[in-house]
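Everything below concerns the one structure shown next.
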Amino acid sequence: MTAERLSRDDFNRPTLHVARGLVGSYLVRNIKGRRMSAMIAETEAYKGPRDAASHAFGGRRTARVEPLYRDGGTVYVYLVYGMHWLLNFSTAGAGNPEGVLIRAIMVEEKGTSRFIVGPGLVTRYLQIDKRHDGIDATTSNQLWLENRDERVRGIKRGPRVGVDYAGAYWAARPWRFWIEAR
DNA sequence: TGTCCGATATCCT
DNA sequence: GGATATCGGACAT
């Protein structure tokens with residue numbers, strides 16, 4: 001099996017392309033020398049200043065969202081509802097505060113595959129939190145992505161989850177991509 | 001299927 | 001100082 005780490009160019013592409021492309025890629029996590037990996041099963045695109053569901057809507061630029069403004073592949077991790085860390089990767093190049101949220105993964109355990117659905121559960125499983133905010137996934141030895149020689153078929157597409165606060169129009173954009181358990 | 005609620009960093013007034 | 005949030009679990013219906 002070949003495994004090729006995702007590079008800057010892979011992230012510095014249009015965000016919807018990256019979001020779709022990340023489904024079927026692998027998240028790799030190195031925890032004190034022990035390696036975990038998980039296939040990405042669901043993503044969502046957040047398209048920056050013009051997207052009312054984005055943290056960078058209207059060009060907002062606070063300390064929290066600064067990683068989104070950096071080069072593609074920068075990790076953006078933040079806390080919601082006081083207890084859930086959410087994992088995102090910056091896309092579309094430096095200065096464009098767009099990104100992709102990782103909503104679900106598939107892991108291999110005891111010879112069988114298991115889906116972990118929900119962005120807060122993904123980070124809990126992979127032990128990702130504020131410590132990883134701002135790191136560069138194209139060079140980090142803590143967290144990175146790989147493409148493996150595996151065909152992913154049947155990617156579905158639909159509205160994003162949990163963004164009703166952004167209004168009906170933005171909540172309805174079909175910017176979520178996923179594969180289902182088989 | 002629906003309602004409720006935990007727990008807190010961050011943002012805005 | 002007050003409101004809110006890219007959620008998840010529990011429990012009732």
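Keep in mind it's a predicted model, so treat the numbers as computed, not measured. The sequence lines fix the lettering, A, B, ..., with proteins before strands; numbering per chain opens at 1.
- Ionic pairing of A:R8 and A:D136 is present here: one or more N-O contacts between side-chain nitrogen and carboxylate oxygen are shorter than 4.0 angstrom.
- Dashed line: the shortest gap from a side-chain N or O of A:H55 to OP1 or OP2 of C:dT6 is under 4.0 Å.
- Checked for salt-bridge contact, A:E98 and A:K47 meet the test: a charged N lies under 4.0 Å from a carboxylate O.
- In this structure, A:R160 reaches neither bases nor backbone, as no heavy-atom distance under 4.0 Å exists between it and the strands shown.
- Of the possible polar contacts, one joining the A:N12 side chain to the A:G72 backbone as a donor-acceptor pair under 3.5 Å is found.
- Linking Ile, Leu, Val, Met, Phe, Trp and Tyr whenever their side-chain heavy atoms come within less than 4.5 Å leaves A:Y26 and A:I128 in two separate clusters.
- Residues A:H55 and A:Y46 form no side-chain contact, since every pair of their non-hydrogen atoms from C-beta on lies 4.5 Å or further apart.
- One N or O donor and one acceptor, one from the side chain of A:Y78 and one from the base of C:dT6, sit under 3.5 Å apart.
- Listed nucleotides: C:dG9, C:dT6, C:dC7. Nearest to the side chain of A:Y76: C:dT6.
- Of the side-chain N and O atoms in A:Y165, one or more sit less than 4.0 angstrom from OP1 or OP2 of C:dT6.
- The side-chain heavy atoms of A:F115 and A:V107, taken from C-beta on, include no pair separated by under 4.5 Å.
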Would you list the protein and nucleotides 9-13 of chain B atom pairs, both N or O, that sit under 3.5 Å from each other?
{"residue": "B:dT10", "atom": "OP1", "partner": "A:K130", "partner atom": "NZ", "Å": "3.2"}
{"residue": "B:dC11", "atom": "OP1", "partner": "A:T62", "partner atom": "OG1", "Å": "2.2"}
{"residue": "B:dC11", "atom": "O3'", "partner": "A:R60", "partner atom": "NH1", "Å": "3.4"}

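- Using a 4.5 Å heavy-atom cutoff, the side chains of A:R29 and A:R35 are not in contact.
- Contact annotation: A:R103 reaches the phosphate of C:dC7 (side-chain N/O to OP1 or OP2, under 4.0 Å).
- Aromatic stacking of A:Y46 on C:dT6: satisfied, with centres closer than 5.5 Å and planes within an angle under 30 degrees.
- Checking C:dT6, B:dA7, C:dC7 against every side-chain atom of A:M83, the shortest atom distance belongs to B:dA7.
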Base-pair map of DNA chain B as dot-bracket, where | denotes pairing with a different strand and pairs are Watson-Crick or G-U under 3.5 Å: ||||||.|||||.
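- Under the 4.5 Å side-chain heavy-atom criterion for ILVMFWY residues, no single connected hydrophobic cluster contains both A:I116 and A:V161.
- Taking atom CG of residue A:D51 and atom P of nucleotide C:dT6, one finds them 11 Å apart after rounding to whole Å.
- Atom CG in A:D164 sits roughly 13 Å away from atom P in B:dG2 (whole-Å rounding).
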